[in-house]
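In each ligand, atom 1 is the first atom listed, and ligand 1 is the first ligand listed. Hydrogens, waters and symmetry mates play no part in the numbers below; they use all other heavy atoms, side chains included.
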Amino acid sequence: MSLPVKLAVFISGSGTNLQALIDAVKAGKLSARITLVVSSRDDAFGLERAKKEKIDTFVFRVKDFPTPDKAENHLTTILDKYQIDYIALAGYMKMVPARVIEKYRSRVTNIHPALLPNYGGKGMYGHFVHEAVLAAGDRESGATVHLVDEIYDHGNILLQGKVPVYANDTPDTLAERVLQVEHQIYPEALEKLIRGNIN
Ligand code: GAR
């Protein structure tokens, strides 16, 4: 696969990780062109970030289609049209259709706001993760970049970054600290993956 690879970033919210990827590309630290941003919501702030950078966007909601099958067909058609090489989930809160995972095997990544395999799985996302870490009294948390397979938060781990947990942390203060690490390790992990896969 020739560099820069064509990258689609999937979001559902603020898109600060998307921004970190955009910035890494601009800084020459990520050998990718972000050619498409897919959002599961039409009100995700990350869409504004994409538009500012003149990146094409696509709001993908299964409920807009007569059947899930038709929705998935449409998504794969769009990914084909953009000749996407890699997919980075960045705060994407929906399950990626199985046929997309299958087609992009080992080329779909996710960032999770905890040290997997701890605090992963269905229902463990966003603030729920940080609440669980605080409730358990852990002294350390962090973020994990991993490959995506058919099971939630399960694929091979590419990179992790750790942060301390302080006694006076709230889910918000912990989330903020973890997010800083996410922004560092996501571009780094993707670059590693992309470069390791050159044929
Ligand atoms: C990030 O903390 C990301 O790790 C988390 O959602 C946030 C999105 O922030 N993802 C998950 O919990 C996935 N299980 P962002 O929209 O600002 O990048």
*Report yes or no: does a heavy atom of Ile11 sit under 4.0 Å from some atom of ligand 1?*
no

*Heavy-atom contacts with His112 under 4.0 Å: which atoms of ligand 1 show up? List them by number with element.*
4 (O), 14 (N)

*Please determine if Asp153 has a nitrogen or oxygen closer than 3.5 Å to a nitrogen or oxygen of ligand 1.*
no

_Whether Gly46 lies under 4.0 Å from ligand 1, heavy atom_ = no

*Could you say whether the N/O atoms of Gly126 and ligand 1 ever approach to under 3.5 Å?*
yes

*Near Ser14, which atoms of ligand 1 are under 4.0 Å from a heavy atom of that residue?*
16 (O), 17 (O)

*Is there at least one pair of N or O atoms, one from Glu182 and one from ligand 1, spaced under 3.5 Å apart?*
yes

_Contact atoms of ligand 1, heavy-atom distance to Tyr125 under 4.0 Å_ = 12 (O), 14 (N)

*asked:* Using every non-hydrogen atom in the two residues, find where Pro97 and Phe60 come nearest and quote the distance to one decimal.
replied: CG-CE2, 4.5 Å

*What pairs meet the ring pair (Phe, Tyr, Trp, His ring centres under 6.0 Å) rule with one or both residues in residues 12-41, with sequence neighbours excluded?*
none

*Flag Gly15 as yes when one of its N or O atoms lies below 3.5 Å from any N or O atom of ligand 1, and as no otherwise.*
yes

*Would Gln19 count as a contact of ligand 1 if the rule is a heavy atom under 4.0 Å away?*
no

Tell me which donor-acceptor pairs under 3.5 Å the side chains of residues 116-128 have, and how far apart each pair is, sequence neighbours excluded?
residue: Tyr119; atom: OH; partner: Asp138; partner atom: OD2; Å: 2.7
residue: His127; atom: ND1; partner: Glu131; partner atom: OE2; Å: 2.9

_Quick check: Asn17 and ligand 1, any N/O pair under 3.5 Å apart?_
yes

